[in-house]
Amino acid sequence: MDKRRASVLSTLGVERYSARAKRSDACDERGSLAHLGATDETIAAFGWDELATTVAACTRCALSATRTNTVFGVGDQRARWFVVGEAPGADEDAKGEPFVGRGGQLLTSVLRAAGLSREQVFIANVLKCRPPENRNPTPDEVRCCKPYLERQIALVKPSLIFCVGQIAAQSLLGVDTPISKLRGAVHEYGPDKIPTVITYHPAYLLRSPRNKQKTWDDLRFAMGVAGGVGA
Ligand code: URA
């Protein structure tokens, strides 16, 4: 680039823009993903194979540079219950599977109390890549990654979404309401108004075991919304 052009671009703040574009790769305001040909709109039409392949190669945000594995999601693609978490942690990043650490073991027990095995539900996170140091997802990361979760939910067509944790719930529902106000109500997700129940994140329960009773209340509430035991 010649000096004059560089100086004009610098005056316009374009240097800063291109640095940011590099960090965040191709996920712009409209969610275009030019180099993979996958925009938010094309993702919304993907089948399972295309979706999995695109997630595995995703560089929509900077988390692609620090992840070990993408964490697509696991379970029954025709499940009645869709469990939504926040983002992979260290164990999940290492294994490429959601909720496999201590919190995951607790989630598995919670589901079992509803008569559900991990294989009978579908489990996925809002983010498919681990945020470094397990920090909270940024709004930009959620915006880039959410079309994948939206498509997963559309393909599964669950009769209930069971969402764990305040950040997952706020990201999924697009609200900033605290979890204390989100619990105990039936929310509606997406154009199909899928009944959605919010409970605490298992990692929070590991830190505050006295809230396990409230989780059991949420689980019974969810079972009622889903019309009995999940499967
Ligand atoms: N926490 C989450 O929200 N998801 C996981 O997969 C693991 C921990």
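In listed order, ligands and their atoms are each counted from 1.
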Discussion item. What I want to find out is whether Glu97 reaches Arg118 closely enough, with some N-O distance under 4.0 Å, to be called a salt bridge.
Written reply: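 Yes, charged N to carboxylate O under 4.0 Å.
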Worksheet item: Does the distance from a Lys or Arg side-chain N to an Asp or Glu carboxylate O, for Arg135 and Glu141, drop under 4.0 Å?
Response: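 So Arg135 pairs with Glu141 through a salt bridge.
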Item to complete: Quick one: list whatever passes salt bridge (Lys or Arg N to Asp or Glu O under 4.0 Å) with Arg67, sequence neighbours left out.
Response: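 Not a single residue meets the salt bridge (Lys or Arg N to Asp or Glu O under 4.0 Å) criterion with Arg67.
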Practice prompt. Report the residues that fulfil salt bridge (Lys or Arg N to Asp or Glu O under 4.0 Å) with Arg220, sequence neighbours left out, ordered by chain and then residue number.
Written response: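 Expected list: Asp217.
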Worksheet item: Going by atom types alone, do Lys128 and Gln152 pair a side-chain donor with an acceptor below 3.5 Å?
Response: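 Gln152 and Lys128 do have a side-chain donor-acceptor pair below 3.5 Å.
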Practice prompt. Could you please provide the protein residues found below 4.0 Å of ligand 1 on a heavy-atom basis, arranged by chain and number?
Written response: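 Within 4.0 Å of ligand 1, the protein residues are Gly85, Glu86, Ala87, Glu92, Pro98, Phe99, Asn125, His201.
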Expected list for residues 167-175: side-chain donor-acceptor pairs under 3.5 angstrom, two or more places apart:
from: Gln170; atom 1: NE2; to: Asp176; atom 2: O; distance (Å): 3.3
from: Gln170; atom 1: NE2; to: Thr177; atom 2: O; distance (Å): 2.8
from: Ser171; atom 1: OG; to: Ile167; atom 2: O; distance (Å): 2.7

